[in-house]
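First comes the structure, then the notes that go with it.
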2 protein chains.
Amino acid sequence: MIKDVPVEQFLAELASSSATPGGGSAAAIIGAQGAALVSMVCNLTIGKKKYADVEADMKAVLANSESVRERLTGIIQDDVRAFDKVMAAYGMAKESDAEKSARSDAIQDALKEATDVPLKCCHAAREVIDLAAVAAEKGNVNVISDAGVGVLAGYAALRSAALNVFTNARMITDKIFAEAKLKELEGLLSGAEGVTEKAYEVVKGKLS
Amino acid sequence: MIKDVPVEQFLAELASSSATPGGGSAAAIIGAQGAALVSMVCNLTIGKKKYADVEADMKAVLANSESVRERLTGIIQDDVRAFDKVMAAYGMAKESDAEKSARSDAIQDALKEATDVPLKCCHAAREVIDLAAVAAEKGNVNVISDAGVGVLAGYAALRSAALNVFTNARMITDKIFAEAKLKELEGLLSGAEGVTEKAYEVVKGKLS
């Protein structure tokens, strides 16, 4: 499992000519780093007298950021699995008409899964953005730059995973499925840049 | 060393109430992931007949992306070391005037280093952006989404590390030093968004 591999080795595997791990796993790790930084800001805010007013809010953010981090950590591997399934389907026999049909069905099935996995990553990444925005507003000012990194990581993860949704959705012949997924993605992307830039400015404002 | 820690454990350490590893190390890892993805695109382009025309360009990009990846991997730990040095300086004795003066000098020294380390990360991240833009233009179209993730990772790393430059530079009393560093940062940020968005559009265009 990639999550058990040392960071430096993961980076080497990412750089290698093997197609996995690729951008989908990287997106999940970037998003998970964003969620982790939100958690860190919460952990360094909760219990501090100066921040008693926002303690309940920070506890709620922390519960969510930890749940999102766990989900994103799972997606690191799910992405590899979905990609491998697509490759395996393309590798199926295609001599007889029955084989051709079975192969085509398997490819379409695999592509649907390979669309759903990065879309789940997009959902989680959007949550990271929204949670980081709260952390940037209310978190301990001594670690507020970490909330800023959190929101940027969430936004990069969202747009990165979106590329994998585009890649796979366009090859799906079930256009109703593909359009529904692209519409779902559009909803997640909508407003994300605004929330990100506003949170970044909030953080920068506290650093000047 | 953080680079030797498994990915999942790193994420848990990032989320914890310990201030290190924090956003500075996360920025370096995000940038290193971007560099690694650029390398992957190069590795899957070089040697392919269809891409013989860009082979020399891709080899040059790969040499640079691997060099940048190595630098960013080093910065993961440098960031922790620089932060610890600042904390150690703040922890120095401050009873006598001599102690106060020594402590103040040590803090200022440490803050300069804690400004230089994220600034190095910004330099490397800007290189990731520019290299990913070339990979997006010329790389193997089958893995072009990875070039897109690469450029987004580079841009997130640049802006993330910039927050740490802001954080530390503002506390430096040597204003000539601080202003020079902020000016250097401005140069790195300048045009980065444009290159990133253009490369992202190039990738999206190839996916439609």
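Quick note on labels: first sequence line is chain A, next is B, and so on, each numbered from 1.
- Under the 3.5 Å distance criterion, the side-chain polar atoms of Asn164(A) are left unmatched by any main-chain donor or acceptor of Ser145(B).
- The backbone N or O of Gly22(B) lies less than 3.5 Å from no partner atom in the side chain of Asp146(A), so there is not a single donor-acceptor pair.
- A donor-acceptor pair is defined here as one N or O able to donate and one able to accept, closer than 3.5 Å; such a pair exists between the side chain of Tyr200(A) and the backbone of Arg159(B).
- Only the side chain of Glu66(B) comes within contact range of chain A, with heavy atoms under 4.5 Å apart.
- Using a 4.5 Å cut-off on side-chain heavy atoms (C-beta onward), Leu163(A) and Val203(B) make contact.
- Within 6.0 Å of NZ on Lys175(A) lie more than 12 heavy atoms contributed by other residues, nucleotides or ligands.
- Taking a 6.0 Å sphere around NZ of Lys206(B), one finds it holds more than 12 heavy atoms contributed by other residues, nucleotides or ligands.
- Looking at Ser65(B), there are no atoms closer than 4.5 Å to chain A (heavy atoms on both sides), in backbone or side chain.
- A donor-acceptor distance shorter than 3.5 angstrom exists from the side chain of Asn43(A) to the backbone of Ala15(B), with no hydrogens or angles considered.
- The most heavy-atom pairs under 4.5 Å with chain A, out of Gly23(B), Ala162(B), Ala36(B), come from Ala36(B).
- Nearest heavy atoms, Glu8(B) versus Thr73(A): OE2-CG2, 3.9 Å.
- Residue Arg69(B) touches chain A through its side chain alone, counting heavy-atom pairs closer than 4.5 Å.
- Each of Leu11(B), Ile30(B), Leu44(B) has some count of heavy-atom pairs under 4.5 Å with chain A, and the biggest count is that of Leu11(B).
- Of the two parts of Ala35(A), neither the backbone nor the side chain holds a non-hydrogen atom closer than 4.5 Å to a non-hydrogen atom of chain B.
- The shortest side-chain heavy-atom distance between Glu13(B) and Met40(A) does not fall under the 4.5 Å cut-off.
- Heavy atoms from other residues, nucleotides or ligands lying under 6.0 Å from NZ of Lys138(B) number 12 at most.
- Inter-residue side-chain proximity for Leu152(A) and Tyr155(B) is flagged as unmet; no heavy-atom pair is nearer than 4.5 Å.
- Of the listed residues (Gln33(A), Arg170(A), Lys204(A)), the greatest number of heavy-atom pairs within a distance under 4.5 Å of chain B belongs to Gln33(A).
- Proximity to chain B (any heavy atom under 4.5 Å) is restricted, for Val5(A), to the backbone atoms N, CA, C and O.
- Counting heavy-atom neighbours within 6.0 Å of Glu70(B) CD, excluding the residue itself, gives a total of 12 or less.
- Taking chain A as the reference chain and counting heavy-atom pairs below 4.5 Å, the highest number among Glu197(B), Met171(B), Met1(B), Gln9(B) is found for Glu197(B).
- Comparing Ala161(A), Ala27(A), Ala12(A) by how many heavy-atom pairs each has under 4.5 Å with chain B, the most go to Ala12(A).
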